[in-house]
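Read through the structure below, which is laid out as C-alpha cells, and then see the notes.
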Amino acid sequence: MKNRFVEYFSSISPLTVEEAEGIAQSMQTRSFQKGDFLVREGQIASKTYFVLEGCIREYILLEGEEKTTNFFTEDQWAISLNGLSPGKPSTHYWVCAEDTTVVAGDEQQAQALFERFPQFQTISRTIMESALAEQKEALSSYYTDSPEKRYQKLVQSRPSLIQRIPQYQIASYIGVKPESLSRIRKRMASSPKKD
C-alpha cells in the first residue's frame with residue numbers, strides 16, 4: 001500500500017528516491033470498519049484522508065434527513081473544505097460506507113514534509129486544486145443537470161459506485177427519492193444503446 005501512495009504522488013510530479021522514501025515514512029495508515037465515523041457535524045475536521053481501499057460517504061443532515069453529498073473511493077482525497085478555515089466546525093459527516101483503509105494526514109505533518117521537501121508544496125497545491133475542481137463540478141451538475149443526467153454521469157464516470165453503494169444513497173446523491181431512481185434506471189435500461 002505504501003507503493004500505491006508513493007505512485008500517486010509520482011503521477012503528479014516525478015520524485016527523487018529521497019522524496020519517495022520521505023512520503024513512505026510519513027504515511028500513517030489507518031483502517032476503519034463499515035459504519036465508523038471519521039468526522040461528525042460540529043467537529044473540527046483537522047485531518048485529510050487518502051483512500052487506499054474502501055469508500056467514505058459524505059452527507060449532511062437536512063431537517064433530520066441524510067443528504068449524500070460525496071463519495072470518496074480508492075486514490076481519492078477526502079478533504080473537508082471547512083478544514084481550510086482553521087477552527088471552523090464541520091457542516092457534514094464522513095462515514096465509512098465499506099471497510100476502509102486510508103492514509104491520514106494533518107497540517108503539522110504536511111508542514112514537516114514541506115520543510116524537508118519544498119516541492120511537496122507544489123504537489124499539495126495541485127491536489128487541493130483538483131479536489132476543489134471536482135467538488136465545484138459536482139455542485140454545478142447538481143444545479144444544471146436533471147437527476148437522470150446526474151445519474152448517467154455517475155454511471156459513466158464511477159461505474160463501480162453503482163455496484164458498491166446502496167441505491168437509496170445513490171438516489172440521495174443525485175437528489176431524488178429511491179423510487180424515482182428506480183424509474184430512471186428502468187428508462188435507461190429500456191432506451192436503445194447509442195454507439
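Predicted model only: the values in this text are computed from it and were never measured.
Sorted by first and then second residue, the salt bridge (charged side-chain N to carboxylate O under 4.0 Å, His left out) pairs with a member in residues 65-78 read Arg4-Asp75, Arg57-Glu66, Glu65-Lys67, Glu65-Lys177, Glu74-Arg164; sequence neighbours excluded.
Residues Ile56 and Ala78 come closest through the heavy atom pair CD1-CB, 4.2 Å. Closest approach of Leu15 and Ser10 over heavy atoms only: CD1-OG, 3.5 Å. The two residues Ala104 and Arg30 have their closest heavy-atom pair at CB-CD, 4.3 Å. In terms of heavy atoms, Pro147 sits closest to Val176 at CB-CG1, 3.3 Å. Counting all heavy atoms, side chain and backbone alike, Asp106 lies closest to Lys47 at OD2-NZ, 3.5 Å. Counting all heavy atoms, side chain and backbone alike, Thr68 lies closest to Tyr59 at CA-CB, 3.8 Å.
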Checklist entry - What do the steps show when you test Val17 against Glu21 for side-chain contact (heavy atoms from CB on, under 4.5 Å), and what is the final call? => result CA-CA 6 Å; Val17 172; Glu21 285 174 358; 3.6 Å; yes
Next on the checklist: Evaluate Ile23 against Phe5 for side-chain contact (heavy atoms from CB on, under 4.5 Å), listing each step before the verdict.
Outcome noted: CA-CA 8 Å; Ile23 288 175; Phe5 194 52; 3.6 Å; yes
Next on the checklist: Test side-chain contact (heavy atoms from CB on, under 4.5 Å) on Glu98 and Glu53; report intermediate values, then the result.
Outcome noted: CA-CA 9 Å; Glu98 302 172 336; Glu53 285 181 341; over 6 Å; no
Item to check | Pair Lys153-Arg158, side-chain contact (heavy atoms from CB on, under 4.5 Å): steps then yes or no | outcome: CA-CA 8 Å; Lys153 282 183 174 179; Arg158 304 180 75 184; over 6 Å; no
Checklist entry - Please walk me through it: do Glu58 and Thr69 pass side-chain hydrogen bond (donor to acceptor under 3.5 Å, both in side chains)? => result CA-CA 6 Å; Glu58 178 183 273; Thr69 52; 2.8 Å; yes
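Between Gln28 and Gln109 there is a side-chain heavy-atom pair separated by less than 4.5 Å. Side-chain contact between Arg40 and His92 is absent, with no heavy atoms from C-beta onward closer than 4.5 Å.
Cation-pi geometry between Arg185 and Tyr151 is not met: the NZ or CZ atom fails to fall both under 6.0 Å from the ring centre and inside 45° of the normal.
Residues Phe71 and Tyr93 do not share a hydrophobic cluster, defined by chaining ILVMFWY side chains whose heavy atoms lie under 4.5 Å apart. In terms of hydrophobic clustering, with Ile, Leu, Val, Met, Phe, Trp and Tyr side chains grouped at heavy-atom distances under 4.5 Å, Leu61 and Phe37 are assigned to a common cluster. Residue Tyr8 is not grouped with residue Val51 when hydrophobic side chains (ILVMFWY) are merged at heavy-atom distances under 4.5 angstrom, including chains of intermediate members. No continuous path of ILVMFWY side-chain contacts below 4.5 Å connects Leu38 to Ile44, so the two sit in separate hydrophobic clusters. Cluster annotation: Ile79 and Val103 are assigned to the same hydrophobic cluster (Ile/Leu/Val/Met/Phe/Trp/Tyr, side-chain heavy-atom contacts under 4.5 Å, transitive).
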For residues 112-139, which side-chain N or O atoms pair as donor and acceptor with protein atoms under 3.5 Å away, sequence neighbours left out?
from   : atom 1 : to     : atom 2 : distance (Å)
Gln119 : NE2    : Ser13  : OG     : 2.4
Gln119 : NE2    : Pro14  : O      : 3.4
Thr126 : OG1    : Thr122 : O      : 3.0

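For the atom pair CD1 of Ile162 and CG of Leu154, the computed distance is 4.0 Å after rounding to the nearest 0.5 Å. Here the OG-CD1 distance, from Ser90 to Ile60, works out to 10.5 Å after rounding to the nearest 0.5 Å. Annotation: the span from Lys149 atom NZ to Ser146 atom OG amounts to 8.0 Å, rounded to 0.5 Å. Atoms CZ and CD1, from Arg150 and Ile184 in turn, are 8.5 Å apart once rounded to the nearest 0.5 Å. Remark: Leu181 CG to Ile174 CD1 distance equals 5.0 Å, nearest 0.5 Å.
Tyr168 belongs to no multi-residue hydrophobic cluster, having no ILVMFWY side-chain contact under 4.5 Å with any other such residue.
Ring centroids of Phe72 and Tyr49 are separated by 6.0 Å or more, keeping the two rings apart.
Within the 3.5 Å criterion, the main-chain N or O of Tyr142 finds no donor-acceptor partner in the side chain of Asp145. Under a 3.5 Å cut-off, the side chain of Thr100 and the backbone N or O of Cys96 do not form any donor-acceptor pair. Between the side chain of Gln111 and the main chain of Gln108, no donor-acceptor pair closer than 3.5 Å is present.
Partners of Gln152 according to the side chain to side chain donor-acceptor pair (under 3.5 Å) rule, which considers only residues two or more places apart in sequence or in another chain, do not exist here. Every residue two or more places apart in sequence or in another chain that forms a side chain to side chain donor-acceptor pair (under 3.5 Å) with Ser31 is listed here: Thr101. For Lys34, there are no side chain to side chain donor-acceptor pair (under 3.5 Å) partners at least two apart in sequence or on another chain.
Annotation for Glu179: atom CD counts as buried by contact number, over 12 foreign heavy atoms lying within 6.0 Å.
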